[in-house]
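Whatever order the structure lists them in is the order used to number ligands and atoms, beginning at 1.
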Amino acid sequence: NVKNGNKNNYIYYHPEMKTAMTRKVEIESILRNALKENGFKLVYQPQVDLTTGEVIGFEALLRLKDYQIGPDRFIPIAEETGLIIEIGRWVAQETISQIVFWRKKGFKEKTVAINFSSKQLRDKSYIKYLLQLLSDNNLDSRYLEIEITESILLENDKETIAFLNELKEEGFSIALDDFGTGYSSLNYLTYMPVDKIKLDKSINDRFVNSNNIKIMESLILLAHSLNLKITAEGIEEWDKFLILKKWGCDFIQGYVFSKPLSSEAIEGIYNQDLIKKNRGSALIP
Ligand code: C2E
Ligand code: MG
Ligand code: MG
Ligand code: MG
């Protein structure tokens with residue numbers, strides 16, 4: 001237990017609590033530094049079309065260059081401290097430069113998805129910022145996909161729908177991330193302007209096996225009846241890959257195909273013709 005400043009006023013902490021608080025302050029300062037000192041990087045995880053086997057695009061995932069602290073740990077702190085606004089802009093800017101760079105190398109027609117945190121709804125000029133970046137880089141908005149989480153839909157309905165509609169009108173594609181982990185009503189799917197849903201790993205772990213495919217089958221049917229594409233995320237095993245293909249899931253993203261890779265590694269694979277020549281399809285029996 002720790003004594004705090006004023007002699008008459010003892011504040012007791014559990015040792016673990018103090019450690020957690022110290023850790024949070026540390027991570028906050030790591031994030032501030034990373035913004036100043038170019039300490040972030042993006043890794044890219046391929047997404048595969050289950051019918052053609054083609055790599056259709058990537059999800060950009062944020063990393064700290066010098067620390068083994070993952071985004072599940074630091075994104076919540078970035079959100080709490082408001083740093084997510086500046087970080088979100090960095091992610092968009094870095095992704096767009098990467099797409100432009102890949103396109104110059106002949107690596108065309110792939111989309112890259114970026115994650116958008118609900119706290120970024122406070123970034124009122126975010127869409128303007130995106131459009132400015134695209135026009136500065138002479139890039140069409142259809143190469144950028146915006147991933148929003150299910151929980152964003154609960155935050156502020158009117159504002160969120162307006163935000164999503166504006167994105168759609170500007171030609172961005174929208175994916176609903178972490179589907180199945182939060183909101184239990186499926187009703188919002190009928191009026192939310194999304195193009196794609198991404199089934200969370202936890203859902204796939206529970207429902208994608210030969211004994212328990214009914215739920216998955218229904219979700220895929222539901223998505224398709226609403227004209228939504230469906231991506232299964234976090235697929236690690238071949239049997240799941242095959243079951244999802246059989247039941248008409250559109251895309252997968254998971255270790256079974258590839259972990260998130262550095263931009264250089266993606267280029268390396270591309271140059272070896274592995275992505276160009278549909279490595280995915282070569283893998284699908
Ligand atoms: P997410 O958007 O749902 O991203 C998918 C996560 O699943 C990634 O974790 C990815 O590496 C992991 N994954 C993909 N396939 C597999 C698999 O087969 N097995 C396993 N075990 N994991 C797999 P990551 O990169 O650690 O990111 C975690 C979360 O952090 C993301 O979940 C997203 O919510 C958030 N995040 C990452 N980058 C950003 C960002 O730039 N902005 C915001 N706002 N959030 C981000
Ligand atoms: Mg995501
Ligand atoms: Mg997800
Ligand atoms: Mg997630």
Participant: Is it the side chain (CB and beyond), the backbone, both or neither of D177 that lies under 4.0 Å from ligand 1, heavy atoms counted?
Facilitator: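 Contact part for D177 vs ligand 1: side chain (C-beta onward).
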Participant: Can you find a pair of side-chain heavy atoms, one from I148 and one from I174, that are under 4.5 Å apart?
Facilitator: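 Yes, side chains in contact.
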Participant: Determine whether the side chain, the backbone, both or neither of D200 has a heavy atom under 4.0 Å from any heavy atom of ligand 1.
Facilitator: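 Neither; no heavy atom under 4.0 Å.
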Participant: Do T111 and E145 get their side chains close enough for a donor-acceptor pair, meaning under 3.5 Å?
Facilitator: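 Short answer, no.
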Participant: Going by the order shown, which atoms of ligand 1 are within less than 4.0 Å of some heavy atom of I235?
Facilitator: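 In order of number, 18 (O).
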Participant: How does Q45 reach ligand 1, if at all, at less than 4.0 Å between non-hydrogen atoms: by side chain, backbone, both, or neither?
Facilitator: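 Near ligand 1, Q45 shows its side chain, while the N, CA, C and O stay back.
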Participant: Closest N/O/S atom of E59 to the Mg ion (ligand 2), by atom name?
Facilitator: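 Checking each N, O and S atom of E59, the shortest distance to the Mg ion (ligand 2) belongs to OE2.
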Participant: My understanding is that we take every heavy atom of each candidate and find the minimum distance to atom 30 (O) of ligand 1. Doing that for P71, G88, P76, which one comes out nearest?
Facilitator: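 The residue whose heavy atom sits nearest atom 30 (O) of ligand 1 is P71.
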Participant: Which of the atoms of ligand 1 are close to G254, meaning less than 4.0 Å from one of its heavy atoms?
Facilitator: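 Answer for ligand 1: 15 (N), 18 (O).
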Participant: When rounded to the nearest 0.5 angstrom, what distance separates SG in C249 from CD1 in I230?
Facilitator: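 Result: 5.5 Å between the selected atoms.
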Participant: Taking non-hydrogen atoms only, is P260 closer than 4.0 angstrom to ligand 1 via side chain, backbone, both or neither?
Facilitator: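 It is the side chain that gets close, since no backbone atom is under 4.0 Å.
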Participant: Heavy-atom contact under 4.0 Å between G234 and ligand 1?
Facilitator: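 Within the 4.0 Å threshold, so yes.
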Participant: Regarding R89 and S125, is there a side-chain donor-to-acceptor distance under 3.5 Å anywhere?
Facilitator: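 Short answer, yes.
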Participant: Could you check which of T95, N115, V91 puts a non-hydrogen atom nearest to atom 33 (C) of ligand 1?
Facilitator: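 That would be N115.
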Participant: Heavy atom of E59 under 4.0 Å from ligand 1?
Facilitator: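 So E59 counts as touching ligand 1.
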Participant: Salt-bridged, D178 to K201, with N to O below 4.0 Å?
Facilitator: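 Salt bridge flag = no for K201 with D178.
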Participant: Report yes if L42 has an N/O atom closer than 3.5 Å to an N/O atom of ligand 1; otherwise report no.
Facilitator: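 Looking only at distances, the answer is no, because the N/O contact criterion of under 3.5 Å is not met.
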Participant: For the NZ atom on K168, are there more than 12 heavy atoms of other groups (residues, nucleotides or ligands in this structure) within a distance under 6.0 Å?
Facilitator: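 More than 12 heavy atoms, drawn from other residues, nucleotides or ligands, come within 6.0 Å of this atom.
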Participant: Check the side chains of N165 and E169 for a donor-acceptor pair under 3.5 angstrom, ignoring hydrogens and angles.
Facilitator: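 Their side chains do not contain a donor-acceptor pair, so the 3.5 Å distance test is not met.
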Participant: Find, among atoms of E147 that are N, O or S, the one nearest to the Mg ion (ligand 2), and state its name.
Facilitator: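 That would be atom OE1.
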Participant: Suppose I only count heavy atoms of D178 and a 4.0 Å limit; which atoms of ligand 1 are within that range?
Facilitator: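 Contacts of ligand 1 toward D178, numbered from 1: 3 (O).
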Participant: Does T149 bring an N, O or S atom to under 2.8 Å of the Mg ion (ligand 2)?
Facilitator: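 No - counting backbone and side chain alike, T149 has no N, O or S atom under 2.8 Å.
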Participant: Check the surroundings of atom CG in N138: do more than 12 heavy atoms from other residues, nucleotides or ligands lie under 6.0 Å from it?
Facilitator: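 Count not over threshold, so no.
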Participant: Look at the side chain of S258 and the backbone N and O of G254, then say whether any donor-acceptor pair between them is shorter than 3.5 Å.
Facilitator: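 Pair absent, no side-chain N/O of S258 close to backbone of G254.
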Participant: Would you say D177 has an N, O or S atom lying under 2.8 Å from the Mg ion (ligand 3)?
Facilitator: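 So D177 does bind the Mg ion (ligand 3) by this criterion.
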Participant: For the 3.5 Å polar cut-off, considering only N or O atoms, please tell me whether Q120 and ligand 1 meet it.
Facilitator: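 Q120 vs ligand 1: no N/O contact under 3.5 Å.
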Participant: Looking at ligand 1, does E79 have a heavy atom less than 4.0 Å from it?
Facilitator: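 In this structure, E79 fails to qualify as a contact of ligand 1 - no heavy atom is under 4.0 Å.
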Participant: Under a plain distance cut-off of 3.5 Å, with no hydrogens placed, do E79 and S117 share a side-chain donor-acceptor pair?
Facilitator: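 The criterion, which ignores hydrogens and geometry beyond distance, is satisfied for E79 and S117.
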Participant: Would you check whether K201 has a nitrogen or oxygen atom less than 3.5 angstrom from a nitrogen or oxygen atom of ligand 1?
Facilitator: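 Such a contact does not occur with ligand 1.
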Participant: Do other residues, nucleotides or ligands put more than 12 heavy atoms under 6.0 Å from the CD atom of E86?
Facilitator: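 No - once you tally the heavy atoms of other residues, nucleotides and ligands closer than 6.0 Å, there are 12 at most.
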Participant: Just checking: D178, one of its N/O/S atoms, less than 2.8 Å away from the Mg ion (ligand 3), yes or no?
Facilitator: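 An N, O or S atom of D178 is closer than 2.8 Å to the Mg ion (ligand 3), so yes.
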Participant: Taking 2.8 Å as the cut-off, does an N/O/S atom of E233 lie below it from the Mg ion (ligand 2)?
Facilitator: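 No.
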Participant: With heavy atoms of I75 as the reference, note each atom of ligand 1 found under 4.0 Å away.
Facilitator: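 Listed by number with element: 42 (N), 43 (C), 45 (N), 46 (C).
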Participant: Using heavy-atom distances, let me know which of E94, E236, E233 sits nearest atom 20 (C) of ligand 1.
Facilitator: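 Checking each option, the heavy atom nearest atom 20 (C) of ligand 1 is found in E236.
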Participant: Side-chain contact test, heavy atoms from C-beta onward, threshold under 4.5 Å: evaluate it for L228 versus K196 and give yes or no.
Facilitator: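 No, too far: nothing below the 4.5 Å cut-off.
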Participant: How about K259: does its NZ atom have over 12 heavy atoms from other parts shown lying under 6.0 Å from it?
Facilitator: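 Not more than 12 within 6.0 Å, no.
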